[in-house]
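To start, the structure under review is shown below, and the notes come after it.
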Amino acid sequence: MSSSKGSRKQRPSVFAKGPLEIPSPTEADLPKDDEKDFDFWDMYQELDTLPLPYRMINKLVNLLFDYSWEVIEEREALREIEKNRILPTTYPPGAEIQDDISKQSTCVKMELSPSGDYAAFLLQGAGDIWLEVYKLPKETWLKEVEHPQFTLNPKKKTKQLQLSTPDSALTESVETNLRPSLSPYAIQDLNICFKTDLKLSPPVYVMKIKPPKPIAGTTFKSPLEIFSKVEDYCGLGSGQNHYIKDVQWEQHMEIFNASYKKYLEGEWEEEPLSTATFHFFTNSISPIPVDAKSPPGAACILGIRWTGSHNFSLYSLNKNLKDKTDCENVWPCAAPITVSQISSSSSYLVLACEDGVLILWDLAQGFLFGVIALPEGCFCQSIHFLRFFLVHEGRNVYPEVQVKYEMMCVVLCTDASLHLVTASRTTGPTSKVLVERSKKYPEETICTVASVPALPGMVLIFSRNQSVSLMDVAKSEIICAFAAPVQPVEAMPWKPLFVVSPHHPYFLLHGVHPNDNATPTVDAKNTTDSVFCFNFDDYPLLKDISKNCTISQKDLECNQAFPQVLPLEKRCEQFLQKSFQKVARTQMKGRDQWAQLRKYSLVLQKENLKK
């Protein structure tokens with residue numbers, strides 16, 4: 001393969017040291033031939049004489065060589081920059097202090113009972129996870145705060161005392177009451193006692209709960225040995241207590257591995273530690289000893305579900321240190337529980353399973369409302385309870401008297417669809433689609449939902465495009481929307497930070513407020529974090545709803561359309577009246593049928609006489 005003399009430039013060596021110099025031209029370099037005898041020569045003429053395949057190969061080789069040379073030059077320039085770079089002086093550490101984080105306990109989750117009598121902490125450390133429950137001595141703490149006992153030290157200096165404004169008034173009142181009996185140094189020392197020397201009684205340890213152990217084979221040899229030695233039947237049939245031998249488990253594992261061999265091959269990621277979701281119940285849904293019952297309104301049961309578990313376990317809080325931490329009751333489900341939610345009054349519980357089934361419980365009576373399945377392809381993401389309401393004369397109202405045995409909740413599914421689930425003791429649970437997933441407008445996908453106790457039958461919907469709207473679940477209609485400056489839309493996904501008042505008609509929303517000279521861009525210096533308040537009474541459309549949101553019991557008793565809100569006596573009276581009316585209608589219908597039979601018999605008799 002030939003090459004052209006002018007097709008390549010003379011390239012310096014990459015290993016040459018020092019700067020490259022180009023010599024200046026001289027007269028000796030000028031051509032001495034006459035212009036008449038000079039002919040223009042094509043540098044690629046020699047290549048053009050080659051056959052077509054070789055010309056193409058030669059051009060590709062030259063292009064590759066030029067590209068490689070450019071890469072070499074860039075690397076050589078980077079090496080020169082790196083050589084000329086001045087690095088800062090590096091000093092080694094003076095000492096090494098080891099702290100093993102794996103041995104420390106970290107609080108993953110914390111929950112307080114509604115009355116503040118108990119606290120549960122989900123702790124994690126050293127590759128293990130567990131739940132600790134403590135009883136909080138509220139009455140003792142109140143007495144200790146009202147009548148504090150301080151340890152006075154007259155040797156402390158005055159210049160070390162720095163009292164904040166909120167504590168000044170309290171200190172003045174204490175000084176006024178105690179000045180005759182305390183010296184000035186003691187009064188100065190009292191200022192510090194409010195922050196450091198006030199001692200409270202420690203919480204009382206109740207129990208420690210660990211995740212359920214993996215199922216293993218039993219050591220019993222026969223059913224007779226089982227029934228003779230096992231006294232506790234709690235959890236029987238739920239997977240907690242079983243009587244399956246090791247050989248049977250091995251056979252099951254062999255069959256499972258053989259059936260799903262192609263799915264089991266390959267590398268598997270290590271499963272994370274199981275976490276727990278726990279709830280405090282103020283209603284006694286499991287048998288408790290008479291002498292250990294809690295006062296009204298205090299928590300008495302702790303419900304726990306572990307990640308990936310089929311069981312919802314119930315533990316009594318009235319335990320002593322000597323008692324075992326075994327669960328008093330187990331509610332097994334057909335599929336792993338993914339979501340569990342309890343109402344604010346601890347009256348209702350909803351368990352959502354992995355297969356899209358919802359299990360509805362009335363905790364006050366220990367009654368199962370029923371089981372309902374979400375539409376195909378819908379799986380529960382979150383559950384939000386609604387206070388029971390009625391639609392009276394075209395508007396949503398709360399009954400004046402609390403209605404029992406009636407449950408309402410809004411379920412947000414993983415496909416961003418919204419469903420209203422209702423249940424009562426007389427009728428089974430029902431489901432209604434409020435919002436379907438928007439395929440045309442994906443930016444309007446629902447990300448969070450919150451109930452609004454101040455407005456009957458209303459929920460706040462937070463969408464992915466950072467819009468907030470108010471929906472009437474009875475009509476499945478959007479009533480209005482709320483606007484507030486929030487973080488830029490580019491920062492997805494949006495996780496709204498908000499709180500809805502359970503007793504007053506307003507909610508708070510965290511947002512970003514741009515300054516006057518700020519541009520609508522992501523600039524932390526030109527924006528201010530703010531909390532925006534939305535008061536429903538400030539809006540004419542919602543003011544009437546929040547003011548007139550209840551209906552008296554007298555008006556409901558006069559209306560026969562809402563029998564579920566009537567007292568038991570009224571309901572029984574209406575039932576008897578309907579029964580009497582039904583009997584009267586049946587008797588009237590029987591008389592009419594009897595009259596028709598008599599008339600027909602007389603006609604037949606006359607025809608027989610004619611014959």
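Note that the coordinates shown come from a computational prediction; the quantities given were computed from them, not determined experimentally.
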Next on the checklist: Could you check whether any side-chain heavy atom of Ile545 comes within less than 4.5 Å of a side-chain heavy atom of Arg395, counting everything from C-beta outward?
Outcome noted: no
Next on the checklist: Is any side-chain heavy atom of Asp537 closer than 4.5 Å to one of Lys547?
Outcome noted: yes
Next on the checklist: Would Leu200 and Val145 count as a side-chain contact (heavy atoms from CB on, under 4.5 Å) here? Give the steps.
Outcome noted: CA-CA 8 Å; Leu200 299 177; Val145 172; 4.1 Å; yes
Item to check | Flag, side chain of Lys109 to backbone of Ala276, donor-acceptor distance under 3.5 Å | outcome: yes
Item to check | Interatomic distance, Met407 atom CE to Tyr348 atom OH [nearest 0.5 angstrom] | outcome: 8.5 Å
Checklist entry - Around Lys475, counting heavy atoms of other residues, nucleotides and ligands shown, do more than 12 lie under 6.0 Å from its NZ? => result no
Checklist entry - Do any N or O atoms from the side chain of Trp141 and from the backbone of Ser201 form a donor-acceptor pair under 3.5 angstrom? => result yes
Checklist outcome for this item: Test side chain to side chain contact (heavy atoms under 4.5 Å, CB included), reference Leu509, set Val531, Leu497, Val468, Val499, output is Val468
Checklist entry - What's the spacing between Ile337 CD1 and Trp306 CH2 if we round to 0.5 Å? => result 13.5 Å
Checklist entry - Closest approach of Val452 and Val500, non-hydrogen atoms and distance? => result CA-CG1, 4.2 Å
Checklist entry - Run the side-chain contact (heavy atoms from CB on, under 4.5 Å) check on Leu349 and Phe281 step by step: do they pass? => result CA-CA 10 Å; Leu349 172 69; Phe281 299 156; 4.2 Å; yes
Checklist outcome for this item: For Ala450 and Phe498 the tightest heavy-atom approach is CB-CE1, 3.4 Å
Checklist entry - Closest approach of Val391 and Ala474, non-hydrogen atoms and distance? => result CG2-CB, 3.9 Å
Checklist entry - Can you find a heavy atom in the side chain of Ile301 that is under 4.5 Å from one in the side chain of Leu317? => result no
Item to check | More than 12 heavy atoms from other groups under 6.0 Å of NZ on Lys143 | outcome: no
Checklist entry - Is it the case that Asn311 and Ser313 place a side-chain donor and acceptor less than 3.5 Å from each other? => result no
Checklist entry - Checking side-chain contact (heavy atoms from CB on, under 4.5 Å) for the pair Val403/Leu390: CA distance, chi angles, key distance, verdict? => result CA-CA 11 Å; Val403 180; Leu390 300 170; over 6 Å; no
Next on the checklist: Side chains of Thr422 and Lys432, heavy atoms from C-beta outward: is any pair under 4.5 Å?
Outcome noted: no
Checklist outcome for this item: Heavy-atom nearest pair, Ser347 first then Asp362, reads O-OD1, 3.4 Å
Checklist outcome for this item: Looking only at heavy atoms, the pair that brings Thr275 and Ile129 closest together is CA-CD1, 4.2 Å
Item to check | Phe280 and Tyr118 aromatic ring geometry - parallel, tilted or perpendicular at 30°/60° bounds | outcome: parallel
Checklist outcome for this item: Heavy-atom closest pair (Met207 atom, Ser316 atom, distance to 0.1 Å) is CE-O, 3.9 Å
Checklist entry - In Å and rounded to the nearest 0.5 Å, what is the CG to CG distance from Leu455 to Asn396? => result 9.5 Å
Checklist entry - CG of Leu122 to CE of Met110: how many Å apart, nearest 0.5 Å? => result 12.5 Å
Next on the checklist: With heavy-atom distances below 4.5 Å as the criterion, would you say the side chains of Phe389 and Met458 are in contact?
Outcome noted: no
Checklist entry - Can you find a pair of side-chain heavy atoms, one from Val435 and one from Ser476, that are under 4.5 Å apart? => result no
Checklist entry - If you draw a 6.0 Å radius around NZ in Lys138, do more than 12 non-hydrogen atoms from other residues or ligands fall strictly inside? => result yes
Checklist entry - Are side-chain heavy atoms of Pro453 and Arg387 found at a separation under 4.5 Å? => result no
Next on the checklist: With rounding to the nearest 0.5 angstrom, report the CG to CD1 distance, Leu434 to Ile461.
Outcome noted: 7.5 Å
Next on the checklist: Donor-acceptor check, side chain of Thr550 to backbone of Glu400, threshold 3.5 angstrom: yes or no?
Outcome noted: no
Next on the checklist: Tell me which one of Trp331, Phe369, Phe367 satisfies ring pair (Phe, Tyr, Trp, His ring centres under 6.0 Å) with Trp361.
Outcome noted: Trp331
Item to check | Gln466 backbone acceptor or donor facing Ser463 side chain under 3.5 Å | outcome: no
Next on the checklist: Donor-acceptor pair, distance only, cut-off 3.5 Å: does the side chain of His384 make one with the backbone of Val449?
Outcome noted: yes
Checklist outcome for this item: Rounding to 0.5 Å, atoms CE (Met408) and OG (Ser424) come to a distance of 9.5 Å
Item to check | Worked verdict on Ser382 versus Val339 for side-chain contact (heavy atoms from CB on, under 4.5 Å) | outcome: CA-CA 7 Å; Ser382 61; Val339 180; 5.7 Å; no
Next on the checklist: Determine whether the aromatic ring centres of residues Phe482 and Phe507 are separated by less than 6.0 angstrom.
Outcome noted: yes
Next on the checklist: Just so I know, are the side chains of Leu420 and Leu386 near enough to count as touching, which here means a heavy-atom distance under 4.5 Å?
Outcome noted: yes
Next on the checklist: Keeping Thr448 on the side-chain end and Phe462 on the backbone end, is there a donor-acceptor pair under 3.5 Å?
Outcome noted: no
